[in-house]
Amino acid sequence: MKLRSVIERVVQTTLFLYAGFKRCAVEYVDLESLPYFQECSKVVRPLGYALVELHVSRQAGGVQVRAVIAGPDAVGIDDCAAVHRVLQARLSSLLDARDLSMEVTSPGVGRKLKNAGEFAVFTGRPVRVWYIPAADWVSGCIVSSGPESVVLSGADGEKEYRYTEIAKAKLADGSGNP
C-alpha cells in the first residue's frame, strides 16, 4: 500500500471518529418485538408495504405516531395516505385514543439504518456500511440478514458482515453512493 493511501485512510478514519461517531456496532432489535409494531405491520403488509419504523408516544391527552414505510418501488404521497388510513384506524382502537396525530413517510433514498433489523426490510437494495476492520465504507446489495450478521453482494462477490463490525449503514443508490 502506498504511503499516500495509508495517510488518506488514517485521516479518513480520524475524521470519522472525530465527527462524533462511536466505534460501536450496529444494534440488532427484532422489529416485531417493538410496541404495536406487529399489530400495525399486519394491516400495512396487505397493502404491499413494509413497516420500517414505528414510534408511538403519549403527549398531553393525545398520542403522536410516526411511521416509516417501504415498498417495492418508490413510496409517494398516495402510498403514505393509504397506509395512514389503515394505521389510524388500527392504532385508534389499540390505543383507545381520541386525539391521534400521525405522520407516515417513506424511508428516503439515503436512509440511515437505525437498527440492524432493518436490513431484512431492505433485502435486494443497495447499501453502504462503515466496516470497522477496514475503517472504510463497503457497498453492496443486501442478500440476506439475521440477528448476528448481514450478507452483501458486491464487486468481490458475497460476503458476510457481523453487526459487531459495522459502525453504521445507509441505503445507497445503484452506484453505491449515499
Side-chain angles (χ1 to χ4, degrees), residues 1 5-6 8-42 44-45 49-57 64-75 80 83 87 103-178:
M1 208 174 198
S5 290
V6 172
E8 286 174 353
R9 180 144 313 181
V10 169
V11 168
Q12 186 179 31
T13 303
T14 303
L15 289 173
F16 175 79
L17 294 172
Y18 178 75
F21 299 108
K22 297 178 184 169
R23 194 173 158 84
C24 63
V26 173
E27 182 182 7
Y28 178 85
V29 176
D30 182 9
L31 296 175
E32 298 289 324
S33 71
L34 300 173
Y36 310 109
F37 194 94
Q38 193 172 34
E39 296 89 345
C40 291
S41 189
K42 286 178 186 175
V44 170
R45 233 180 275 126
Y49 305 101
L51 194 57
V52 177
E53 188 177 333
L54 181 71
H55 292 283
V56 178
S57 59
Q64 173 70 38
V65 177
R66 199 181 63 191
V68 177
I69 60 168
D73 300 314
V75 174
C80 292
V83 171
L87 275 182
E103 174 185 327
V104 179
T105 65
S106 73
V109 177
R111 176 183 174 80
K112 291 179 184 171
L113 278 63
K114 298 175 183 170
N115 166 14
E118 292 182 29
F119 281 107
V121 174
F122 297 111
T123 298
R125 295 202 185 164
V127 69
R128 294 181 70 207
V129 299
W130 182 266
Y131 186 51
I132 296 170
D136 201 2
W137 288 101
V138 174
S139 298
C141 283
I142 303 168
V143 175
S144 64
S145 64
E148 303 291 326
S149 63
V150 62
V151 176
L152 301 181
S153 175
D156 298 331
E158 290 185 5
K159 184 173 178 193
E160 181 177 12
Y161 296 91
R162 301 191 58 75
Y163 298 136
T164 56
E165 299 176 325
I166 297 174
K168 66 180 186 172
K170 60 175 121 179
L171 294 180
D173 63 21
S175 68
N177 296 322

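Just so it is clear, the model here is predicted, and its values are computed rather than measured.
Taking each heavy atom of Leu31 and Gly117 in turn, the nearest pair found is CD1-O, 3.9 Å. The heavy-atom pair separating Arg128 from Ser139 by the smallest distance is CG-OG, 3.4 Å. Counting all heavy atoms, side chain and backbone alike, Val75 lies closest to Ser106 at CB-CB, 3.6 Å. Across all their heavy atoms, Ala70 and Val52 have their closest contact at CB-CG2, 3.7 Å. For the pair Val83 and Val104, the tightest heavy-atom approach, listed with the atom from each and the gap, is CG1-CG1, 4.1 Å. Heavy atoms only, all atoms of each residue included: Leu51 and Cys40 are closest at CD2-CB, 3.7 Å.
Going from atom OG1 of Thr164 over to atom CD of Glu148 covers 8.0 Å, rounded to the nearest 0.5 Å. Atom CZ of Phe37 sits about 9.0 Å away from atom CG of Asp30, to the nearest 0.5 Å. From Trp137, atom CH2 reaches atom OH of Tyr131 across 15.0 Å, with rounding to the nearest 0.5 Å. Within the model, atoms SG of Cys80 and CD1 of Ile69 stand 4.5 Å from one another, a figure rounded to the nearest 0.5 Å. Residue Lys112 holds its NZ atom at 5.5 Å from NZ of Lys168, rounded to the nearest 0.5 Å. Atom OG1 in Thr105 sits 5.5 Å away from atom CD in Glu103 (nearest 0.5 Å).
By the 4.5 Å heavy-atom criterion applied to side chains, Val150 and Leu152 are counted as neighbours. Side-chain contact check for Trp130 versus Ile166: every heavy-atom pair is 4.5 Å or farther apart.
The pair Arg111-Glu118 meets the salt-bridge criterion, with a side-chain N (NZ, NE, NH1 or NH2) lying under 4.0 Å from an Asp/Glu carboxylate O.
Within the structure, the side-chain hydrogen bond (donor to acceptor under 3.5 Å, both in side chains) test picks out the following pairs touching residues 33-42 (sequence neighbours left out): Ser41-Arg45.
At a cut-off of 3.5 Å, with distance as the only test, a side-chain donor of Glu160 or Ser149 sits close to an acceptor on the other residue.
Shown are Ser144, Cys141, Ser145; of these, the side-chain contact (heavy atoms from CB on, under 4.5 Å) with Val151 is made only by Ser144.
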Which is it for Leu87 and Val44 under the side-chain contact (heavy atoms from CB on, under 4.5 Å) test, yes or no, and what are the steps along the way?
CA-CA 7 Å; Leu87 275 182; Val44 170; 3.9 Å; yes
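Considering only residues two or more places apart in sequence or on other chains, Lys159 meets the side chain to side chain donor-acceptor pair (under 3.5 Å) condition with none of them.
Using the six-membered ring where Trp is involved, Tyr28 and Tyr163 have ring planes that are parallel, under 30° apart on the 30 and 60° scheme.
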